[in-house]
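Report on the structure given below.
Here the structure is a predicted model, which is why all the values come from computation and not from measurement. The analysis underlying the following values was restricted to heavy atoms, covering all of them including side chains, and did not include hydrogens, waters or symmetry mates. All chains are named by letter (A, B, ...) in the order of the sequence lines, taking the proteins before the strands, and each is independently numbered beginning at 1.
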Amino acid sequence: MIEFHHVFKSYGRGRNILADINFRIEPGEFILVSGPSGAGKSTLLKLIGGLEPASRGAVHVNGHRIDRLPRRALPYLRRAVGVILQDSHLLFDRSAMDNVLLPLAVMGLAPRVARTRARAALEKVGLLGMEQLNPIEMSGGEQQRLAIARAIVNRPAILIADEPTANLDHDSGQRIMTVFRDFNQVGVTLLIASHDHSLMAPYATRTLHIEAGRFTDIRGVPS
Amino acid sequence: MRRWLRQHHYALTVALRRLRTQPFSTLSNLVVISLSLTVPILAASVLQAVQPIVRHIPVSPEITLYLAPQADLKDAQQVATQLTANRDPVIQSVQIVAREQALARLQQESAWAEALAALESNPLPHAVIVTLHESPEVAREAAILAEQWRSLKAVDTVQLDSEWMRRLGAILDFLGVGLGLLAASVALVVLATVFNTVRMQALSQREEIAIARLVGATEPFVRRPFLYLGGLTGIVSSLAAIGLAQLALLPLNHALARLASTWDAQLILALPDTASLGAGLVLVTMLAALAARWSVTRNTRF
């Protein structure tokens with residue numbers, strides 16, 4: 001469950017990136033956060049992932065009010081939230097396998113168990129057989145799928161993705177959306193920020209439209 | 001516990017990989033730290049070799065009263081009785097050295113034996129050696145007593161034996177302080193080098209750190225490889241420094257042996273004992289890990 005209560009976000013004394021945001025997302029929903037560039041979509045996702053603090057208001061994720069969590073507790077929350085950013089943020093000096101193993105190393109999993117889980121994650125995104133390749137040798141779509149494999153390898157309850165299909169051709173974008181749909185079908189809550197409404201809308205159960213830091217439209221029925 | 005050990009194993013692997021991927025930088029850091037550490041090890045070796053020699057020479061203040069050549073042993077006993085009769089609290093002991101005894105001692109020293117053999121009679125006088133209690137005022141008191149005893153009957157010369165040894169002792173103390181300052185300077189070199197290495201590493205690994213945090217890495221998890229990097233640098237540099245010092249002692253000992261042989265003496269420089277070297281290694285490793293922690297904490301606030 002994700003819940004925002006009168007959340008504001010600004011940097012310094014600048015304008016509000018997010019202003020008085022209120023919403024609630026139930027487990028297992030597939031949410032599309034749409035809106036033009038600079039509307040505040042990425043900031044919204046960063047608040048959910050605990051990557052940035054809210055300036056005001058309450059952010060609840062998985063039963064924790066994360067704006068009140070001590071700094072040292074935040075990493076444990078992040079493990080329950082898989083994050084995929086627009087720039088895939090991969091380690092280009094490591095193999096695909098090493099990239100996917102990183103969250104499991106963070107958790108201190110036994111190497112044999114970790115490898116099995118990493119292979120399963122790579123299989124889910126269709127990259128099994130490419131685990132020894134360096135991300136630099138992969139296409140943009142493959143890199144994005146690798147980022148998804150890394151985000152889901154520790155089985156998070158929530159998956160948030162910021163413009164995951166940006167810079168990808170239509171087929172690659174569709175393939176990634178199919179991967180997301182598969183995760184959603186096994187109960188993972190999904191929040192995807194994108195301005196490509198036509199590609200995302202068929203998959204989402206709800207759409208939150210944001211403009212200039214405020215929700216202007218909430219479509220769909222909570223599942 | 002296993003999870004914790006696995007995370008440490010991972011941190012060690014990452015640290016080794018980072019060292020391996022920048023061989024030139026790693027090597028130059030190790031060389032700088034090793035050479036810096038070699039200097040105090042060699043200085044400690046020299047100080048260690050010199051100290052026992054000084055320790056065997058009396059450093060407590062002594063005054064030697066040489067009697068006139070015609071004075072006999074009875075006169076020496078009379079002088080000794082006179083000195084002890086006053087029960088001066090400064091005096092620790094009074095000892096008579098008969099001229100025969102003094103000659104026998106000198107004959108034991110090879111440098112003198114030959115010269116003494118050429119003499120027909122014993123040229124040495126009887127002597128009375130007075131040892132004084134150590135005190136801050138002893139030098140002044142010794143000078144006053146020496147002045148008084150010069151006027152004693154049968155006394156020819158009064159000599160303050162301990163003065164030069166006190167100077168040597170002071171020089172050794174000075175060298176000890178110098179060694180301490182040298183060690184402190186080297187500690188600063190270790191601190192600065194490791195701090196800067198870790199700073200550069202942290203900046204070049206910015207992306208990796210950000211990704212690790214993104215997937216839920218705790219701050220200790222992020223810092224740990226850098227601590228290992230610092231610790232490993234400390235261990236390897238210390239071991240290399242010990243090796244370098246050992247190598248440097250070979251030509252030094254060779255040269256020293258030739259120098260000492262001219263005095264018919266033996267002087268060998270050796271590394272400090274294993275316990276001291278081990279303690280030094282642990283200290284340097286801890287210092288390097290501490291510098292790494294300080295640096296990584298300061299340079300990963302993003």
Original post:
CZ of A:Arg94 to CG of A:Asn134: how many Å apart, nearest 0.5 Å?
Top reply: 10.0 Å
**OP:** Please check if any side-chain donor atom of B:Asn29 sits under 3.5 Å from a side-chain acceptor atom of B:Thr197, or the reverse.
**Re:** yes
Original post:
Which bit of B:Arg6 is near chain A, if near means a heavy-atom gap under 4.5 Å: side chain, backbone, both or neither?
Top reply: side chain
**OP:** Flag the pair A:Glu163 / A:Ile192 as yes when at least one side-chain heavy-atom distance between them is below 4.5 Å, and no otherwise.
**Re:** no
**OP:** Can you tell which part of A:Leu85 gets under 4.5 Å to a heavy atom of chain B, answering side chain, backbone, both or neither?
**Re:** side chain
**OP:** Determine whether the side chains of B:Gln7 and B:His9 contain a donor N or O and an acceptor N or O closer than 3.5 Å.
**Re:** no
Subject >> Interchain contact, A:Leu91 with chain B, by part (heavy-atom threshold 4.5 Å) >> reply: both
Subject >> Interface residue of largest heavy-atom contact number with chain B, from A:Val81, A:Leu74, A:Leu102, under 4.5 Å >> reply: A:Leu102
**OP:** Measure distances from B:Arg17 to the heavy atoms of chain A and classify the residue's part below 4.5 Å as side chain, backbone, both or neither.
**Re:** side chain
Subject >> Option in A:Asn154, A:Leu109, A:Leu51, A:Val83 with maximal non-hydrogen atom pairs under 4.5 Å from chain B >> reply: A:Leu109
Original post:
Relative to chain B, which segment of A:Ala110 carries a heavy atom at a distance below 4.5 Å: side chain, backbone, both, or neither?
Top reply: both
**OP:** Starting at CG of A:Asp93, measure out to CD of B:Gln205 and round the result to the nearest 0.5 Å.
**Re:** 7.0 Å
Subject >> is_close_aromatic(B:Phe221, B:Tyr10), centroid dist under 6.0 Å >> reply: yes
